[in-house]
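First up is the structure itself, then whatever we jot down about it.
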There are 2 protein chains.
Amino acid sequence: MGLTKTDLFTVKQNEIATMLKALGHPARVAILEYLIRVDSCICGDIVDELPLAQPTVSQHLKELKTAGLIKGSIEGTAICYCVDKESVSLLQSYFAGISLQLADKEKRCC
Amino acid sequence: MGLTKTDLFTVKQNEIATMLKALGHPARVAILEYLIRVDSCICGDIVDELPLAQPTVSQHLKELKTAGLIKGSIEGTAICYCVDKESVSLLQSYFAGISLQLADKEKRCC
DNA sequence: ATTATTTATCGTAATATTGCAATATATAAA
DNA sequence: TTTATATATTGCAATATTACGATAAATAAT
């Protein structure tokens, strides 16, 4: 197989999983953090910043973009990437909600 | 390849990526949500709840456990799984921090 | 027009993931 | 002890991911 059965789960569950999967690699976490740290949304510097080859970085950027976590805009010959605030906000809300629900429960085991 | 170069990134980045990767599959998101929803941390009901075969569910549970997101305790012949509050709290803090940092920045492109 | 610069895509090798049937393990009940 | 119940492990096929060299595409500068 190797094929995720997305149709068996809710749209929301798939949405969350897709975004988290995109961040399920240290290079992509590093890219996100770099884009946030640098206050302009600088682009190909990511390649210099990361210890990975240019095609590899490009591929990671594509995955982040496909998952909706970053956006890119053409800036002359370069491309300017930046974080999609909405999607990050969505994840933030998701975990905030979960934490809230967890706070109420008292554990009966574990 | 197919091999993540974890040594090239920070411990924190790897830690976050590992947990998010574990949640990067709708079945595992569904398991987390189910464990939170059911206020006792019931175990093998997960198999009935999810539209996946028992070995598949067992495997997903293992991945969540390895990533530290859930814990399991033996309860007679059954095993009782529940969410590890600390790790969820860690993720919650992570995204809260990112959101805060993002709020300050004004976008220069995208 | 030619050349340099920047980013994307292709091709490919190594490895990982997903899913499940079959089977093993381990405890509870009879 | 035998049988039932619950969960884990093994083995395997199909597919996905990771990484990068080589190359393409697209714009800027000369």
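Side-chain atoms are counted along with the backbone in the values below, which use heavy atoms only and exclude waters and symmetry mates. Just so we're on the same page: letters track the sequence lines, and every chain starts at 1.
Side-chain atoms of Ala78(A) lie closest to dT7(C) of the nucleotides dT7(C), dA19(D), dT18(C). Nearest nucleotide to the Ile79(A) side chain, out of dA26(D), dA8(C), dC20(C): dA8(C). Of the candidates dG19(C), dT5(C), dT9(C), dT5(C) carries the atom nearest the Thr77(A) side chain, counting heavy atoms from C-beta on.
At the heavy-atom level, Ile74(A) lies nowhere under 4.0 Å from the strands shown.
Phosphate proximity of dT17(D) to Lys21(A): present, with a side-chain N or O under 4.0 Å from OP1 or OP2. Between His60(A) and the phosphate of dT17(D), there is no side-chain N or O to OP1/OP2 separation shorter than 4.0 Å. When the side-chain nitrogen and oxygen atoms of Tyr81(B) are compared with OP1 and OP2 of dA8(D), one or more of them lie within a distance under 4.0 Å.
Both Gly76(B) and His25(B) lie close to DNA chain C; mapped to their nearest nucleotides by heavy-atom distance, the more 5′-ward contact belongs to His25(B). Each of Thr56(A) and Lys62(B) lies near DNA chain D, and the nucleotide nearest Lys62(B) is the one positioned closer to the 5' end.
We find that CG of Leu23(A) is positioned 12 Å from P of dT18(D), with the value rounded to whole Å. In this structure, Asp48(A) atom CG and dT6(C) atom P are separated by 9 Å, rounded to whole Å. Here the C1' atom of nucleotide dT7(C) and the CD1 atom of Ile70(A) are 13 Å apart, to the nearest Å. Atoms CD (Glu63(A)) and C1' (dA8(C)) sit 14 Å apart, rounded to a whole Å. Between Gln54(A) atom CD and dA24(D) atom C1' there is a gap of 12 Å when expressed in whole angstrom units. Rounding to whole angstrom units, CG of residue Leu52(A) and C1' of dT18(D) are separated by 10 Å. Distance, Arg28(B) CZ to dT18(C) P: 4 Å, rounded to whole Å. Spacing between atom CD1 of Ile31(B) and atom C1' of dT18(C) amounts to 13 Å, rounded to whole angstrom units.
A pairwise comparison of heavy atoms in Leu69(B) and Ala22(B) identifies CD1-CB, 3.8 Å as the closest pair. Heavy atoms only, all atoms of each residue included: Phe95(A) and Gln92(B) are closest at O-CG, 3.6 Å.
If you take CG on Leu32(A) and CD1 on Ile70(A), they are separated by 8.5 Å, rounding to the nearest 0.5 Å. Taking CD1 of Ile46(B) as the reference point, atom NE2 of His60(B) lies at 12.0 Å (rounded to 0.5 Å).
Salt bridge Glu49(A)/Arg37(A): present, at least one basic N to carboxylate O contact under 4.0 Å.
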